[in-house]
Each structure stands twice: as C-alpha cells, then as structure tokens.
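Heavy-atom basis, side chains included; hydrogens, waters and symmetry copies ignored. Small disclaimer: the values here were computed from a predicted structure and weren't measured.
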Amino acid sequence: MSDLTRLSSGSRFETLAAYSRAVADDCYVHISGTVGADPETGAIPEAVSEQVNNIFRIMGDVLAGFDIGLDAVVRTRVYLTDIEHLMVVAEGLRARFSDCPPTNTTLICGIPAPGAKVEIEMTARLADTPT
C-alpha cells in the first residue's frame, strides 16, 4: 500500500466529521467537497458565481500545494441545491476547464452548510505519476 499524504485546512468541520481537505496517494489528489465560503472571512456570499469563484480559489491553493493546476483535474463532482444554479455553475466550470475537461457528475441535493448553494469535489492526477 502506498503512503498517503493528508492535508488539513484547519476547518472545524474537518475535526467535527473527521475528514481531510485532501488526501494524495501515489497517483492522485482527492479533494473533499468544498463550498464557496470566502477564504478570508468564512462568509458564504449570496451569489452562486461568487461561491464558485471562492471554491476555485480554495481548490487552486490545494492543487498548487501539490505542484499541479486545474489541467491535472480528471474528475469533478458538483452538488447544487437548486437546478436554477446549474447554468451559472456550468459557466464557471467551462471558464476553467474548456481546454482540459474532466469527467463530471452533477447532482441536485441538500448541502449541510447554511447558505451554500454549490459544493464541488475534485480528483487530480499528480504531475510525477508514471504514464
């Protein structure tokens, strides 16, 4: 079995539910579902587009910590609280992945963070993974 690298953001929710922000194995980085809270204030903005922007800021920082970027993402899972948000979120995904589209699953469901309208999780391939 490979060694695992576990990354914590220090969120109280990680402690509460016993999970890591990201876990890397020999080939991939698996990033936990992330809502669009402002990284500095912790507040969740009302606008879905701002939530998406915050999610990608947080995810981008995690990926950068492993010396990779969005072009290494191979899978996304998107959770929405309402179908009304789909096109805004799709626009945010398209803006970031049009040149390197990963696989994707999108679900309409509840999100257990008050005010969150979208949550995204990602899996990315590590740069030094053998082909």
Side-chain angles (χ1 to χ4, degrees):
M1 184 168 164
S2 66
D3 289 330
L4 299 177
T5 301
R6 299 174 196 279
L7 176 70
S8 173
S9 67
S11 163
R12 65 184 173 95
F13 298 107
E14 291 172 21
T15 302
L16 176 74
Y19 72 91
S20 297
R21 167 66 39 216
V23 176
D25 58 27
D26 291 339
C27 299
Y28 296 97
V29 177
H30 308 273
I31 305 173
S32 291
T34 301
V35 298
D38 181 288
E40 283 80 40
T41 68
I44 297 179
E46 179 66 25
V48 175
S49 60
E50 289 179 49
Q51 290 187 27
V52 170
N53 289 338
N54 287 340
I55 289 168
F56 277 96
R57 282 176 55 198
I58 295 164
M59 296 284 202
D61 288 347
V62 172
L63 294 170
F66 290 97
D67 295 322
I68 56 176
L70 290 175
D71 60 333
V73 174
V74 297
R75 179 169 186 68
T76 59
R77 290 180 188 89
V78 179
Y79 306 94
L80 304 173
T81 58
D82 195 306
I83 192 70
E84 289 181 13
H85 309 314
L86 179 61
M87 295 313 294
V88 173
V89 174
E91 180 180 314
L93 293 168
R94 191 171 47 253
R96 290 157 175 99
F97 292 123
S98 63
D99 292 336
C100 56
T103 64
N104 180 355
T105 299
T106 299
L107 299 169
I108 308 301
C109 60
I111 296 174
K117 297 175 183 176
V118 60
E119 181 172 348
I120 300 174
E121 63 181 82
M122 294 181 188
T123 302
R125 189 167 184 181
L126 291 170
D128 59 358
T129 301
T131 55

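To the nearest 0.5 Å, atoms CZ (Arg77) and OG (Ser32) are separated by 11.0 Å. Taking CG from Asp38 and CG from Asn54, the interatomic distance works out to 5.0 Å, rounded to the nearest 0.5 Å. Here Met122 contributes atom CE and Met59 contributes atom CE; the two are 4.5 Å apart, rounded to the nearest 0.5 Å. Put simply, CG on Leu126 and CG on Asp67 are 9.5 Å apart, with the number rounded to the nearest 0.5 Å. Here CG of Leu7 is found 9.0 Å from OG1 of Thr5. Values are rounded to the nearest 0.5 Å.
Nearest heavy atoms, Gly115 versus Gln51: O-NE2, 3.1 Å. For Ala116 against Thr81, the heavy-atom pair with the smallest separation is O-CG2, 3.4 Å. Counting all heavy atoms, side chain and backbone alike, Leu70 lies closest to Phe97 at O-CE2, 3.6 Å. Heavy-atom minimum distance, Val88 versus Ser49: CG1-N, 3.7 Å. Of all heavy-atom pairs spanning Ala37 and Ile58, the tightest one is O-CD1, 3.7 Å. Counting all heavy atoms, side chain and backbone alike, Gly92 lies closest to Phe56 at O-CE1, 4.5 Å.
A single hydrophobic cluster is not seen to contain both Leu107 and Val52; linkage of ILVMFWY side chains at heavy-atom distances under 4.5 Å, directly or through other members, places them apart. There is no path of hydrophobic side-chain contacts, each under 4.5 Å, that joins Val35 to Tyr19. The hydrophobic clustering, which links ILVMFWY residues whose side-chain heavy atoms are closer than 4.5 Å, places Leu80 and Ile55 together. Taken together through direct or relayed side-chain contacts under 4.5 Å among Ile, Leu, Val, Met, Phe, Trp and Tyr, Tyr79 and Ile120 form parts of separate hydrophobic clusters.
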**Report entry** Verdict with supporting geometry, Val78 and Val118, side-chain contact (heavy atoms from CB on, under 4.5 Å)
**Finding:** CA-CA 7 Å; Val78 179; Val118 60; 4.1 Å; yes
Query raised in the report: Leu4 and Asp25: side-chain contact (heavy atoms from CB on, under 4.5 Å), yes or no, with the steps?
Result: CA-CA 5 Å; Leu4 299 177; Asp25 58 27; 3.6 Å; yes
**Report entry** Trace of the side-chain contact (heavy atoms from CB on, under 4.5 Å) decision for Val73 with Ile31
**Finding:** CA-CA 10 Å; Val73 174; Ile31 305 173; over 6 Å; no
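Residues Arg75 and Thr103 bring a donor and an acceptor atom of their side chains to less than 3.5 Å of each other.
Other residues, nucleotides and ligands contribute over 12 non-hydrogen atoms within 6.0 Å of the CG atom of Asp82. Surrounding CD of Glu46 are at most 12 heavy atoms belonging to other residues, nucleotides or ligands under 6.0 Å away.
With a 4.5 Å cut-off on side-chain heavy atoms, Arg21 and Thr34 count as touching.
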